[in-house]
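Indexing begins at 1, ligand by ligand and atom by atom, following the structure's order.
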Amino acid sequence: MSAPVPVSAVVDLDVAGPTINPHVYGHFAEHLGRCIYEGFYVGEDSDIPNEGGIRLDVVEALKALDIPNLRWPGGCFADEYHWMNGIGPKQDRPRMVNTHWGDVEENNHFGTHEFMALCELLGTEPYVSGNVGSGTVREMSEWVEYLTRRGDSPMARLRKENGREEPWKVKFWGIGNEAWGCGGNMTAEQFAEQARTFATYCRDQDDNRLYRIAAGASDDDYGWTEALMKTVSGLGGKGVEERHGHAPIQAVSFHYYTWTGPTWDQKGSATQFGTDDYYRTMLKAQGMERVLGGHARVMDAYDPDKRIGLVCDEWGTWFDVEPGTNPGFLYQQNTLRDALVASLHFDVFHRFADRLVMTNIAQTVNVLQAVVLTDGADLVLTPTYHVFRMNRRHQGAASLAVHLREDAPARDVDGEQLRTFSASASVRDDVALLSLTNLDAEAPVTLTVDLRGRTVGEPTGEVLTAADLTAHNVPGQATAVEPRALDGVRVEGSTLTVELPPHSFATVQLPLVG
Ligand code: AHR
């Protein structure tokens with residue numbers, strides 16, 4: 001092992017920044033591969049313990065993460081999905097072909113009622129993604145009515161006929177998905193106009209209040225965000241249409257995936273990679289800061305009071321599928337490298353707490369950077385899962401700035417600078433939480449933090465690491481990568497010292513006692 005790299009920082013414990021929206025820890029479940037079917041839903045007749053077909057081991061695992069919301073039914077699938085096919089008796093539901101993902105049959109057995117039951121079991125808020133690409137304004141409007149209208153109406157009656165008397169509460173509503181691509185191949189201006197119209201007819205029924213999120217840009221396509229902001233902020237000449245009872249759109253989104261490799265068809269293996277590939281992946285993950293900042297700056301120009309939220313409703317790693325699996329199912333393993341991608345992202349998200357209202361990892365189970373993988377009746381928690389769990393106290397906490405000294409470690413990766421140490425912090429209920437990532441593949445870090453403004457008690461910490469960056473969990477070896485207590489964390493006076501192993505993620509909790 002190389003010699004420890006010294007890193008020093010300052011944290012003002014008494015200078016609370018903007019609150020980290022709990023929805024930054026959001027999730028995503030698409031009708032894609034084995035995410036819904038096999039992952040979340042096995043059907044009532046399955047031997048796998050379930051409630052109404054929803055597998056209970058997955059629910060139990062996710063409940064430990066306090067997941068704040070779940071986005072559904074897509075993704076690209078959302079713009080092919082016609083919700084009326086997914087209600088009523090299962091045997092009568094029409095079958096369709098999931099042309100986007102694997103060209104497989106979709107029997108619509110998991111539909112609106114099943115999704116809402118899943119959200120209730122998880123104790124999480126639904127985020128429904130509506131179909132703009134191949135749907136109609138009426139279809140989307142009626143879906144909102146079906147879900148949320150209490151009073152008498154055609155859709156409320158239909159819901160009651162299908163066994164649900166009370167309306168559900170639904171806040172988060174997606175207007176389309178990737179409209180520049182699978183969601184309709186539109187121009188930004190074309191979509192902005194469509195989004196206004198669709199959103200207008202997504203009514204606030206009774207006391208339900210929607211938070212409408214317009215499908216946004218890919219990566220650093222700031223022009224897309226600008227076109228949307230012109231329309232939704234009213235500076236594009238048409239005004240924010242409050243006179244119809246609600247402003248059409250409350251947030252705009254963007255997607256950012258971490259993928260490397262020479263071409264889209266050669267993204268590289270999720271488990272077999274060298275140190276150079278690892279650093280390249282981290283450089284791409286670090287790019288989230290530039291991209292998020294770019295979208296936030298465009299929004300600031302149109303909405304300086306930050307009334308419109310920014311949402312990143314798809315993020316995560318995207319590698320080649322596991323050998324022998326359906327290329328359309330996007331099934332990939334998840335190593336310590338994925339965990340460090342997640343911890344880097346959360347640091348960035350915490351730093352943008354003033355604008356960022358939600359993010360959603362793609363995707364929760366069995367697809368891309370999953371937190372849970374299933375294989376028949378087996379289930380494993382991935383390294384990424386552990387980052388969500390270790391970080392969960394940041395949800396709803398006040399962000400704290402971590403000021404790194406100027407000589408913080410970095411290395412050259414393909415001519416760009418990768419910062420090899422990352423940190424963020426927050427405070428809630430008189431406990432500060434520090435998240436610390438050492439990206440260096442070889443060298444440990446000795447971190448000293450000058451804690452100012454409050455007196456701290458005895459610190460405790462957890463660390464997630466493994467001998468090898470490619471380490472991952474499989475049935476039979478489900479704990480190859482899991483957190484353990486962090487040794488070598490101490491406070492003397494107002495100085496915190498932490499020893500971080502190479503390629504590791506750690507959290508330190510500090511009780512504030514004075
Ligand atoms: O998450 C997988 C896919 O990635 C989604 O369906 C789509 O929105 C994005 O391109």
Side-chain angles (χ1 to χ4, degrees), residues 26-37 39-40 69-81 96-104 106 110 115 127-135 172-186 188 191 195 213-221 224 251-261 263-265 267 270 284-285 288 291 311-322 325-334 338 341-342 345 358-373 382 384:
H27 281 258
F28 176 29
E30 181 166 11
H31 290 240
L32 192 179
R34 297 188 302 111
C35 182
I36 295 294
Y37 300 106
F40 277 108
N69 71 73
L70 184 62
R71 179 175 183 243
W72 172 84
C76 294
F77 182 77
D79 282 296
E80 295 196 300
Y81 184 62
M96 65 178 281
V97 177
N98 189 337
T99 50
H100 207 89
W101 300 120
D103 213 38
V104 293
E106 161 64 56
F110 188 91
F115 173 64
Y127 170 13
V128 178
S129 205
N131 179 347
V132 170
S134 71
F172 300 113
W173 196 271
I175 310 291
N177 171 74
E178 297 195 349
W180 40 265
C182 66
N185 275 314
M186 299 179 214
F191 174 69
I213 301 166
S218 172
D219 286 14
D220 57 0
D221 182 358
W224 185 280
V252 300
S253 80
F254 74 101
H255 292 172
Y256 184 83
Y257 281 100
T258 294
W259 70 279
T260 52
T263 67
W264 185 248
D265 295 328
K267 294 182 285 298
K284 184 70 203 275
M288 174 57 99
V291 169
V311 168
C312 177
D313 49 16
E314 291 185 28
W315 66 269
T317 56
W318 196 321
F319 299 116
D320 292 341
V321 298
E322 292 305 315
T325 65
N326 186 327
F329 282 13
L330 308 187
Y331 174 71
Q332 66 191 40
Q333 248 298 349
N334 194 291
D338 294 82
V341 167
H345 276 68
M358 182 193 289
T359 87
N360 305 78
I361 191 163
Q363 300 190 5
T364 306
V365 186
N366 291 337
V367 169
L368 297 176
Q369 191 176 349
V371 299
V372 169
L373 298 175
T382 67
T384 300

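- Between the side chain of Asn177 and the backbone N or O of Ala78 there is no donor-acceptor pair closer than 3.5 Å.
- When non-hydrogen atoms are compared, ligand 1 lies under 4.0 Å from the side chain of Asn177 (C-beta onward) but not from its backbone.
- Residues passing the salt bridge (Lys or Arg N to Asp or Glu O under 4.0 Å) test with Asp220, sequence neighbours excluded: Arg290.
- Distances below 4.0 Å separate heavy atoms of Gln363 from the following atoms of ligand 1: 1 (O), 2 (C).
- In summary, the aromatic rings of Trp224 and Phe254 are positioned with their centroids too far apart to meet the 6.0 Å limit.
- Close contacts between ligand 1 and Leu368 involve ligand atoms 1 (O), 2 (C) [criterion: under 4.0 Å to a heavy atom].
- Between Thr258 and Gln369, every side-chain heavy-atom pair lies at or beyond the 4.5 Å cut-off.
- Interface atoms of ligand 1 facing Glu178, defined by a heavy-atom separation under 4.0 Å, are 7 (C), 8 (O), 9 (C), 10 (O).
- With a 4.0 Å heavy-atom cut-off, ligand 1 is reached by no atom of Trp315.
- Within ligand 1, counting atoms from 1 as listed, the ones closer than 4.0 Å to a heavy atom of Phe28 are 1 (O).
- With sequence neighbours left out, Glu80 forms a salt bridge (Lys or Arg N to Asp or Glu O under 4.0 Å) with no residue at all.
- Ring geometry, Trp72 versus Tyr81: the interplanar angle exceeds 60°, so the pair is classed perpendicular (tilted spans 30 to 60°).
- Residue contacts with ligand 1, taken as heavy atom pairs separated by less than 4.0 Å, involve Glu30 solely via side-chain atoms from C-beta onward.
- The closest approach between a heavy atom of Tyr257 and any atom of ligand 1 is below 4.0 Å.
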